[in-house]
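A note on names: the letters A, B, ... follow the listed sequences, proteins ahead of strands, and every chain is numbered from 1.
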Amino acid sequence: KSQQGRLESFFGAV
Amino acid sequence: MFEARLLQGGLLKKVLDSIKDIITEGNFDCSPNGLSLQAMDSSHVSLIDILLESEGFEHYRCDRNIPMGLNITNLVKMIKCAGSEDIVTIKCEDKPDNVTFLFESKDNDKISDFEMKTMTIDDEHLLVPDQTYTAVVKMPSAEFQRLCRDMAAIGDTVNISVTKEGVRFSTTGDMGTANITVRPNPSGDQKEEERTEVQITEPVSAGFALRYLNSFTKATPLSPTVTLGMVPNLPIVVEYKIADMGHVRYYLAPKIED
């Protein structure tokens with residue numbers, strides 16, 4: 001089963 | 001103050017069409033380099049990155065960086081009032097409560113001005129690394145649009161696998177499965193924008209939500225080609241270049257296996 005990733009887990013906040 | 005005059009006002013309509021299904025509000029950043037926007041959808045799954053370079057405008061003046069927070073739904077309503085051939089000028093003060101849109105018909109026989117209220121938006125900015133993509137696929141944008149639409153008729157998630165042989169799009173749904181492979185064809189007689197090109201340093205494969213990819217294809221009228229960039233375990237980038245002007249890019253987080 002796959003889950004939708006969120007962008008924060010890949011890119012850092014500025 | 002900020003003032004930018006765009007001869008092809010229809011371009012603004014196309015840019016707004018490419019984002020209106022994904023975000024409802026956003027900060028347009030006016031800077032001496034150009035007009036840009038970075039915004040995430042409400043689920044923080046996808047990110048829009050727009051750049052309209054100052055050189056692409058007929059006239060461009062921006063004395064300092066100005067964040068222009070706008071409701072996208074309202075902005076679409078206003079820009080719809082411009083004719084597709086109209087020249088559009090965007091104007092605002094340094095700390096704007098309002099933004100003015102001036103529409104001039106091509107023959108200069110009709111001039112309209114619309115003033116729109118700005119809003120304060122506390123958005124999160126993400127740092128998108130300037131990275132080298134492991135796989136880059138350039139293909140006709142209309143073909144990508146068709147492919148996403150066809151895949152979405154069968155399933156919710158598409159697996160995109162890139163090897164040097166080509167790009168394989170696969171999906172599974174209640175009714176069955178679908179696989180479409182697009183092969184690179186750089187040596188044919190096609191025009192550059194009709195070609196599919198694949199550049200890879202290693203094969204990449206990941207799954208993505210088709211609902212978002214389909215929304216991204218609303219940018220198809222902006223460019224004859226689309227470029228997909230992939231790195232293992234990172235969001236995919238889907239880029240539509242706007243000739244002489246900049247780009248609309250979308251980033252989409254991959255599905256993660258539990």
Quick check - list every chain A-chain B donor-acceptor pair under 3.5 angstrom, one line each.
residue: A/Lys1; atom: O; partner: B/Asp258; partner atom: N; Å: 3.0
residue: A/Gln3; atom: N; partner: B/Ile256; partner atom: O; Å: 2.7
residue: A/Gln3; atom: O; partner: B/Ile256; partner atom: N; Å: 2.5
residue: A/Gln4; atom: NE2; partner: B/Ala253; partner atom: O; Å: 2.9
residue: A/Gly5; atom: N; partner: B/Pro254; partner atom: O; Å: 3.1
residue: A/Arg6; atom: NH1; partner: B/Ser43; partner atom: O; Å: 3.2
residue: A/Leu7; atom: N; partner: B/His44; partner atom: O; Å: 2.8
residue: A/Glu8; atom: OE2; partner: B/His44; partner atom: ND1; Å: 2.3
residue: A/Gly12; atom: O; partner: B/Leu127; partner atom: N; Å: 2.6
residue: A/Val14; atom: N; partner: B/His125; partner atom: O; Å: 2.8

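When all heavy atoms of B/Ala253 and A/Gly5 are compared, the closest pair comes out as CB-O, 3.3 Å.
Checking B/Leu127, B/Val128, B/Leu47 one by one against A/Phe11, the side chain to side chain contact (heavy atoms under 4.5 Å, CB included) holds for a single residue, B/Val128.
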